[in-house]
Novice: 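Below you will find the structure I want to go over with you.
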Amino acid sequence: MSNSQGTSGEDWADARGALWLAELDSYEQMLEPLGIALLDRAALQNGQHIADIGCGGGRTSRLAAHLVAPSGSVHGIDIAPMLMDEATRRAEAAGIGNVRFSTGDAASFVPEGAPFDRLISRLGVMFFADPEAAFTHLRTLLVEGGRADFMVWASPQDNVWMSGARAIVAEHIELPTADPMAPGPFRLADPDATGSLLHKAGFSQIDIAAWHGAIPVGGSGSDAAKAAEFSLRAFSFANVLEGAEPGLEETIRAKVTAFFQQFETPEGMAVPAKAWLVRAAA
Ligand SMILES: C[S@@+](CC[C@H](N)C(=O)[O-])C[C@H]1O[C@@H](n2cnc3c(N)ncnc32)[C@H](O)[C@@H]1O
């Protein structure tokens with residue numbers, strides 16, 4: 001079920017994936033600072049073979065492909081077929097030959113080329129129905145001594161880019177209580193719980209570091225009005241606005257715009273965000 005409570009892999013293969021595709025450029029621009037931090041920390045090297053888990057439109061896969069070229073390769077995996085089509089199209093258009101994409105549920109799928117030297121993921125590993133089983137499977141996709149680098153969101157309170165707009169919507173429309181244990185963007189927000197989960201899944205040398213940054217909600221060069229439009233159109237709670245009383249959507253949009261104004265800069269939006277950089281060895 002795709003609502004403000006959670007987003008599962010099934011949602012991603014269907015409506016949520018279609019929505020991500022429709023907003024792909026804005027999302028990829030918004031998440032660029034996180035991708036840079038993830039790849040800095042992963043320190044990929046020429047010749048390595050990488051799997052990018054829940055790779056979406058493939059931005060991090062393409063960046064990783066440059067880092068491991070010419071002899072290394074990247075295999076992007078995602079449950080959403082429409083995103084794999086678009087990721088393939090974008091890689092071909094960019095003339096990147098050492099990246100490929102496959103549709104599959106990363107909780108159980110064994111991609112061609114496994115086992116890999118490295119796994120990476122920017123925000124693609126929080127949606128598993130059974131995280132322990134999924135991470136146990138992901139562990140088997142690594143060579144002995146291989147390494148995983150995942151980035152996951154910290155708590156909603158530390159991510160006002162999402163929780164600020166959601167709170168304004170909730171003033172007017174009843175939203176389901178967020179379940180922190182349901183698959184969704186904040187499912188791995190507790191670093192202690194994530195560490196235990198990875199340990200149970202067979203990973204070792206687990207190291208989790210905080211990333212603090214500012215993200216351009218709505219895409220590069222966005223302003224408060226565009227950020228509000230984007231959040232009400234593209235975030236997981238957006239569907240609750242469908243069928244709202246006449247006038248209510250405008251009221252909410254005005255309030256969300258006012259909220260985002262505090263984060264406007266001459267270069268565009270810079271909304272505080274926090275995520276965890278999770279590193280673990282196989
Ligand atoms: C928040 S998006 C991030 C996409 C991409 N990593 C990025 O940073 O642009 C989460 C991605 O995880 C994918 N995903 C969710 N559950 C999955 C699963 N069980 N197996 C593979 N991919 C999954 C979604 O389809 C979506 O593309």
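Whatever order the structure lists ligands and atoms in, that order sets their numbers, starting from 1. The figures that follow rest on heavy atoms only: side chains count, while hydrogens, waters and symmetry mates do not. Start at 1 with the first residue, then count along the sequence.
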Novice: Please state which protein non-hydrogen atom is closest to atom 15 (C) of ligand 1 and give its distance, to 0.1 Å?
Specialist: W12 CD1, 3.4 Å
Novice: Enumerate the atoms of ligand 1 whose separation from the nearest heavy atom of A80 is less than 4.0 angstrom.
Specialist: 25 (O)
Novice: Would you say C55 touches ligand 1, if touching means a heavy atom closer than 4.0 Å?
Specialist: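 Checking ligand 1 against C55, which is what was asked, there is a heavy-atom contact under 4.0 Å.
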Novice: Run the numbers for me: atoms of ligand 1, each under 4.0 Å from some heavy atom of F128, listed by number.
Specialist: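 Once the distances to F128 are compared, the set is 18 (C), 19 (N).
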Novice: Quick one: nearest non-hydrogen protein atom to atom 11 (C) of ligand 1, plus distance?
Specialist: G54 O, 3.5 Å
Novice: Polar contacts were defined as any N/O atom of the residue lying under 3.5 Å from an N/O atom of the ligand; does this apply to W20 and ligand 1?
Specialist: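 By distance alone, the answer is no.
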Novice: For atom 20 (N) of ligand 1, state which one of A107, G124, A106, G56 supplies the nearest heavy atom.
Specialist: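 Among A107, G124, A106, G56, the closest heavy atom to atom 20 (N) of ligand 1 belongs to A106.
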Novice: Please confirm whether G57 comes within less than 3.5 Å of ligand 1 when only nitrogen or oxygen atoms on both sides are compared.
Specialist: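 In this structure, G57 places no N or O atom under 3.5 Å from an N or O of ligand 1.
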Novice: Provide the closest heavy-atom pair for L175 versus A170 in the form atom of the first, atom of the second, distance.
Specialist: CD1-CB, 3.9 Å
Novice: From atom 10 (C) of ligand 1, work out which of L24, L123, V125, D52 has a heavy atom at the shortest distance.
Specialist: L123
Novice: Applying ring pair (Phe, Tyr, Trp, His ring centres under 6.0 Å), name anything that partners W276, two or more places apart in sequence or on another chain.
Specialist: none
Novice: Do F260 and F230 have ring centres separated by under 6.0 Å?
Specialist: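 Centroid distance F260-F230: not below 6.0 Å, so no.
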Novice: Please state which protein non-hydrogen atom is closest to atom 25 (O) of ligand 1 and give its distance, to 0.1 Å?
Specialist: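 It is D78 OD1, 2.5 Å.
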Novice: If only atom types and distance count, is the side chain of D78 paired as donor or acceptor with the main-chain N or O of G56 below 3.5 Å?
Specialist: yes
Novice: Below 4.0 angstrom from a heavy atom of G104, which ligand 1 atoms are there? Numbered from 1 as shown, please.
Specialist: 20 (N), 21 (C)
Novice: As an exercise, identify every atom of ligand 1 less than 4.0 angstrom from a heavy atom of L83.
Specialist: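 Once the distances to L83 are compared, the set is 27 (O).
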Novice: Please check: side-chain N/O of R122 versus main-chain N/O of L31, any donor-acceptor pairing under 3.5 Å?
Specialist: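 Such a contact is found between R122 side chain and L31 backbone.
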Novice: Parallel, tilted or perpendicular: which fits the ring planes of F186 and W161, with parallel below 30° and perpendicular above 60°?
Specialist: tilted
Novice: Any idea which heavy atoms bring A134 and A107 closest together, and the distance?
Specialist: CB-CB, 3.8 Å
Novice: Could you tell me whether the side chains of H137 and S108 share a donor-acceptor contact shorter than 3.5 Å?
Specialist: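 No pair is found: no donor N or O on one side chain lies under 3.5 Å from an acceptor on the other.
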Novice: So which protein heavy atom does atom 14 (N) of ligand 1 come closest to, and at what separation?
Specialist: I79 CG2, 3.8 Å
Novice: Determine yes or no for a side-chain-to-main-chain donor-acceptor pair under 3.5 angstrom, with R16 supplying the side chain and D11 the backbone.
Specialist: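 Looks like no, no N/O pair under 3.5 Å.
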Novice: For ligand 1, indicate whether the residue P185 contacts it via side chain, backbone, both or neither (heavy-atom separation under 4.0 Å).
Specialist: neither
Novice: Under the side chain to side chain contact (heavy atoms under 4.5 Å, CB included) rule, collect the residues that match up with H212, sequence neighbours excluded.
Specialist: A210, K274
Novice: What is the closest protein heavy atom to atom 19 (N) of ligand 1, and at what distance does it sit?
Specialist: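 Nearest neighbour among protein heavy atoms for atom 19 (N) of ligand 1, to 0.1 Å: D105 OD1, 2.8 Å.
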Novice: Would you mind checking which non-hydrogen protein atom is closest to atom 8 (O) of ligand 1, with the distance to 0.1 Å?
Specialist: R122 NE, 2.5 Å
